[in-house]
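Everything quoted here is computed from the prediction, not taken from an experiment.
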2 protein chains.
Amino acid sequence: MRKHFPERTIQRLLLYYRYLNFMLQQGTKMISSRGLADLLEIMDSQVRKDLSYFGKLGKRGAGYDILELRNKIAEILGIKSKKNICIVGMGNLGSALSAYKGFEELGFNISLVFDVSEQKVGHKIKGQICSNYSDLLKLIKENSIKIAILTVPANSAQETALALEKSGIKAILNFTPVKLTLSKAVKIRNVDLALELKTLSFFTED
Amino acid sequence: MRKHFPERTIQRLLLYYRYLNFMLQQGTKMISSRGLADLLEIMDSQVRKDLSYFGKLGKRGAGYDILELRNKIAEILGIKSKKNICIVGMGNLGSALSAYKGFEELGFNISLVFDVSEQKVGHKIKGQICSNYSDLLKLIKENSIKIAILTVPANSAQETALALEKSGIKAILNFTPVKLTLSKAVKIRNVDLALELKTLSFFTED
DNA sequence: ACTATAATGTGAAATAATTCACATATATGA
DNA sequence: TCATATATGTGAATTATTTCACATTATAGT
Ligand SMILES: NC(=O)c1ccc[n+]([C@@H]2O[C@H](COP(=O)([O-])OP(=O)(O)OC[C@H]3O[C@@H](n4cnc5c(N)ncnc54)[C@H](O)[C@@H]3O)[C@@H](O)[C@H]2O)c1
Ligand SMILES: NC(=O)c1ccc[n+]([C@@H]2O[C@H](COP(=O)([O-])OP(=O)(O)OC[C@H]3O[C@@H](n4cnc5c(N)ncnc54)[C@H](O)[C@@H]3O)[C@@H](O)[C@H]2O)c1
């Protein structure tokens, strides 16, 4: 099985996964590529192509067994094994994210959250006790955490990212509007919400 | 002169815009496509191709005049004219977004925020007085708002989206993990944060 | 058992986005 | 002024992704 799939394919797999789960709850047993495609408003051939990267998962003439396909996708995406993550910067956005159930559903567990502020360190925020940023290196190493969500102010972003790299973090979901510069060993994904809004707005008639 | 460009081009234009602003503050006058490209870690030919969609903006042998280019991009993206937007659902995420300065920098103004909760309606949240969801139609029409950010719970998402459509909204930035079904006249852009995290995680070695 | 219908899996074709390569223009220094 | 270096703008080539088209297999009805 190759390790070079379009990123979009992986993202669609996740969307399939959500719908399959929903259909399971409804008690449906089988679904066709067309059925899935209609739900997502994409082409059925796209669904088949996406799934075909990972083997022959369907049955000609019948479609896909929902339970089987759901489990297969969970396996492909590694959803069964919980991954611990941390959030750095428990301000407006960080604390909102720490309360979000959607991460858990995809196999993540927020096991540490950090801040520098005296008001926050040692206190519960959305059910999580906030750790001190000065213990970042120690705690992340101790807990072997590999993934971090970065929600500190823009002007501390690069510095914080360096600390994360030092502590052994291998992937950062970066919400700051800052281009982080780290070694190639750390994978960075930028989520730029202002950019999302502007893109939407640009392609909208008015 | 719109609509036929890759979406990614528009997004990169925004990133160029941020860097150009920064360089202006530094007092730099000119920048080459290579210079910009290095900052964003992309190809210089990509920068030139992006800009070439909008005319001959540079000077051979010299590069791009930063001020000129910045203004041109602002014009292309329509950043000079403020656009009013609203947020529906002032919970964890909605209230974090309402406090975000990044929207304003790209020409947006959050002029209305809505919730259904008695605790919130009529009270200030992050400096904004929260309006009652039951006044949505009236207030959005009165203020001719065309863009909405949707941050209500998943199970009210579709219903709320329909209300937004009815009130004249033309674009929705949807943070709920729900596929909204509206007429083609309303542009929808989904921001799926769990999906972003999972995509990052999938393509990370461990 | 047979026929009509449904649906997959996959090369091939089409479409989209990126990168290359270079002719052309400008700038700089001797 | 001339030579050299710099850098744009853009077709052409390449690479990536999506869609088509159909041979193949399964199902359901009679
Ligand atoms: N608020 C939003 O909705 C939003 C949206 C998109 C992007 N962002 C970006 O996310 C980041 C955070 O935004 P916010 O609105 O939550 O800001 P905020 O000021 O509310 O929160 C930042 C938090 O980080 C803490 N902090 C500062 N330095 C730190 C460090 N070195 N280590 C750990 N914690 C540190 C602060 O004490 C504060 O609690 C910013 O970069 C912002 O641009 C925010
Ligand atoms: N919290 C996050 O970081 C996060 C991340 C990604 C996506 N999301 C999604 O965003 C949405 C909101 O998440 P949240 O964590 O802020 O939830 P939340 O429960 O904190 O907030 C939801 C708010 O919406 C209000 N509300 C309910 N029905 C409404 C209606 N019809 N009109 C207006 N307001 C209404 C509620 O009173 C509440 O204040 C959810 O769909 C969630 O899946 C949240």
Side-chain angles (χ1 to χ4, degrees), chain A residues 1-16 19-20 23 28-73 76 195 199 202-203, chain B residues 1-16 19-20 23 28-73 76 195 199 202-203:
Chain A
M1 203 202 276
R2 327 174 5 203
K3 182 63 195 183
H4 257 227
F5 324 107
E7 179 177 301
R8 294 297 204 69
T9 288
I10 298 304
Q11 302 199 328
R12 282 188 298 264
L13 245 43
L14 274 161
L15 301 179
Y16 304 155
Y19 273 103
L20 292 168
M23 287 184 280
T28 330
K29 289 265 179 292
M30 301 290 290
I31 183 83
S32 66
S33 57
R34 171 75 101 84
L36 256 180
D38 285 353
L39 290 170
L40 294 247
E41 297 182 78
I42 58 179
M43 293 283 119
D44 53 342
S45 55
Q46 181 78 83
V47 173
R48 293 198 299 281
K49 181 68 83 185
D50 283 342
L51 297 176
S52 75
Y53 285 119
F54 305 96
K56 297 180 194 234
L57 309 182
K59 222 173 161 184
R60 286 171 193 243
Y64 300 87
D65 181 288
I66 293 176
L67 180 60
E68 243 172 54
L69 184 57
R70 197 276 307 259
N71 290 342
K72 181 68 185 178
I73 292 180
I76 295 163
L195 187 149
T199 306
F202 183 86
F203 289 105
Chain B
M1 195 223 218
R2 251 158 113 146
K3 269 302 187 355
H4 347 81
F5 329 108
E7 178 177 302
R8 297 300 274 303
T9 289
I10 299 305
Q11 302 199 329
R12 282 189 297 266
L13 245 42
L14 273 161
L15 300 178
Y16 304 154
Y19 273 103
L20 292 168
M23 287 184 282
T28 331
K29 289 266 181 292
M30 300 290 288
I31 183 82
S32 66
S33 56
R34 171 75 101 83
L36 256 181
D38 285 353
L39 291 171
L40 296 245
E41 297 181 78
I42 59 179
M43 293 284 120
D44 54 340
S45 55
Q46 180 77 83
V47 173
R48 292 198 300 279
K49 182 69 82 183
D50 284 341
L51 297 176
S52 76
Y53 285 117
F54 305 95
K56 299 183 192 232
L57 311 181
K59 220 173 163 186
R60 288 172 190 238
Y64 301 86
D65 181 289
I66 293 177
L67 179 60
E68 243 173 54
L69 184 57
R70 197 277 306 262
N71 290 341
K72 180 70 184 176
I73 292 179
I76 294 165
L195 187 148
T199 306
F202 183 86
F203 289 105

Can you check the [X] [atom1] to [N] [atom2] distance for me, whole Å?
X: B/Y53; N: D/dG11; atom1: OH; atom2: P; result: 12 Å
X: B/L36; N: D/dT6; atom1: CG; atom2: P; result: 19 Å
X: A/F54; N: C/dT10; atom1: CZ; atom2: C1'; result: 16 Å

Return whichever of A/D44 or B/D50 has its heavy-atom-nearest nucleotide of DNA chain C closer to the 5' end.
A/D44
Between B/Q46 and A/G58, just flag the one whose closest nucleotide in DNA chain C comes earlier from the 5' side.
A/G58
Nearest-0.5 Å distance, [atom1] of residue [X] to [atom2] of residue [Y]:
X: B/L14; Y: A/L195; atom1: CG; atom2: CG; value: 5.0 Å
X: A/L39; Y: A/L20; atom1: CG; atom2: CG; value: 9.5 Å
X: A/T9; Y: A/I76; atom1: OG1; atom2: CD1; value: 10.5 Å

A/K59 or A/R12, whichever maps to the more 5' nucleotide of DNA chain D:
A/R12
Report yes if at least one side-chain N or O of B/Y64 is closer than 4.0 Å to OP1 or OP2 of D/dG9; otherwise report no.
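Result: yes.
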Does a side-chain N or O of A/S33 approach OP1 or OP2 of C/dT8 to a distance below 4.0 Å, or not?
yes
Taking any heavy-atom pair under 4.0 Å as a contact, classify B/L57: base, sugar-phosphate, or nothing.
sugar-phosphate
Report which part of the nucleic acid A/S32 touches: base, sugar-phosphate, or nothing (heavy-atom distance under 4.0 Å, all strands).
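Answer is sugar-phosphate: A/S32 comes under 4.0 Å of backbone atoms only.
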Donor-acceptor pair present, B/R60 side chain and C/dT26 base, under 3.5 Å:
no
Do B/R48 side-chain and D/dT8 base share a donor-acceptor contact under 3.5 Å?
no
Side-chain contact check for B/K56: nearest option of D/dA7, D/dG9, C/dT8 is D/dG9
Side chain of A/M43: nearest nucleotide among D/dT19, D/dG11, C/dT26?
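Shortest atom-to-atom distance from the side chain points to D/dT19.
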Does B/T28 use its side chain to pair, donor to acceptor, with the backbone of B/M23 at less than 3.5 Å?
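Yes; at least one donor-acceptor contact below 3.5 Å.
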